[in-house]
Amino acid sequence: IDALLEPQMTVLDFGAGRGGWAHDETSDYRRRCRTFRGRAARVVGCDVDEAVLSNPALDEAFVMRPGEPLPLADGSVHVLIADYVIEHVEEPSAFVDEVERLLAPGGWFCARTPSKYHYVSLISALLPERLGERALSRAQTRRQRQDVFPAFYQLNTLGALHTHFP
């Protein structure tokens, strides 16, 4: 993402949350790689969680309402980031439509997500919620409970990505 950024760009952090990485990350290098404020003209964040309103890495923040478009103009985003977000997308077509609406011509969609078939995803899907939370807290000791959301894994295979992003 760093190589894509230009000072005049607008960046949208889709699923920005509270900016846990800004608070909890112990590596200065990783924190810098994830900090776009000051390196782009505008850094906007959105999330279904109101915690996004307190995210220190954003110039603007919006709370998303499922099924409603974000209050941003068509083609106004140059780089759209979804960092560990698309595993939580319940309706891939609606998500992809919004990504395509928001991206400027030549814009970039950058996503990082676990595969639906990764052992962590499979264990998560198989365990009852209570046991899954306990296993997650042991596997990711620095992850806070407030940063855990339901995962649907509707957009987490190569086939699903090819279908929705031809």
Side-chain angles (χ1 to χ4, degrees), residues 1-22 24-25 27 29-53 55-118 120-121 124-125 140 143 147-166:
I1 295 170
D2 198 41
L4 302 173
L5 282 183
E6 295 179 17
Q8 76 280 7
M9 290 181 159
T10 294
V11 175
L12 173 60
D13 189 343
F14 205 104
R18 66 182 179 90
W21 57 267
D24 306 335
E25 181 55 64
S27 165
Y29 174 76
R30 281 194 214 115
R31 190 178 302 112
R32 185 194 178 301
C33 286
R34 191 65 177 79
T35 302
F36 308 113
R37 194 171 183 194
R39 298 190 295 145
R42 182 176 171 213
V43 180
V44 181
C46 64
D47 203 295
V48 295
D49 188 338
E50 289 188 7
V52 72
L53 300 174
N55 185 322
L58 306 174
D59 295 314
E60 296 175 57
F62 302 102
V63 177
M64 300 167 43
R65 304 288 175 231
E68 293 181 17
L70 289 172
L72 297 168
D74 295 1
S76 63
V77 173
H78 302 96
V79 178
L80 193 152
I81 301 162
D83 195 18
Y84 291 112
V85 169
I86 62 175
E87 65 270 22
H88 304 287
V89 171
E90 192 169 8
E91 295 183 33
S93 294
F95 174 79
V96 171
D97 289 347
E98 188 67 352
V99 167
E100 290 176 346
R101 180 186 76 80
L102 293 170
L103 277 179
W108 292 89
F109 173 58
C110 303
R112 175 171 56 165
T113 187
S115 167
K116 179 179 183 174
Y117 302 115
H118 186 272
V120 172
S121 304
S124 172
Q140 297 177 346
R143 189 167 184 180
D147 297 329
V148 178
F149 296 88
F152 300 101
Y153 301 108
Q154 299 294 314
L155 200 52
N156 294 76
T157 64
L158 286 175
L161 291 170
H162 286 297
T163 297
H164 292 286
F165 291 102

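Keep in mind that what you see is a predicted model, and the values were worked out from it rather than measured.
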If you take all heavy atoms of [X] and [Y], which pair is closest and at what distance?
X	Y	value
Val48	Val63	O-CG1, 4.0 Å
Thr35	Arg39	O-NH2, 2.5 Å
Asn156	Ala160	N-CB, 4.4 Å
Asp47	Gly17	OD2-N, 2.7 Å
Ile86	Ala111	CD1-CB, 4.3 Å
Met9	His78	CA-ND1, 3.5 Å

As an exercise, state the distance from [atom1] of [X] to [atom2] of [Y], rounded to the nearest 0.5 Å.
X	Y	atom1	atom2	answer
Glu98	Glu91	CD	CD	13.0 Å
Lys116	Gln154	NZ	CD	6.0 Å
Asp74	Glu100	CG	CD	12.0 Å
Phe14	Ile81	CZ	CD1	12.5 Å
His88	Phe95	NE2	CZ	11.5 Å
Leu155	Leu161	CG	CG	5.0 Å

Pairwise side-chain contact, [X] with [Y], heavy-atom cut-off 4.5 Å (strictly under):
X	Y	value
Cys110	Leu4	yes
Asp2	Arg32	yes
Glu60	Thr10	no
Tyr84	Pro114	yes

Exercise. Checking side chain to side chain contact (heavy atoms under 4.5 Å, CB included) for the pair Phe36/Asp13: CA distance, chi angles, key distance, verdict?
Worked result: CA-CA 10 Å; Phe36 308 113; Asp13 189 343; 5.7 Å; no
Exercise. So does Glu50 have more than 12 non-hydrogen atoms from other groups sitting under 6.0 Å from CD?
Worked result: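 For Glu50, atom CD is not crowded (no more than 12 foreign heavy atoms under 6.0 Å).
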Is there a donor-acceptor pair closer than 3.5 Å between any side-chain N or O of [X] and the backbone N or O of [Y]?
X	Y	result
Asn55	Gly45	no
Arg37	Pro56	yes
Ser121	Tyr117	no
Arg101	Leu70	yes

Problem set entry | Ring geometry between Phe165 and Phe109 (parallel below 30°, tilted from 30 to 60°, perpendicular above 60°) | parallel
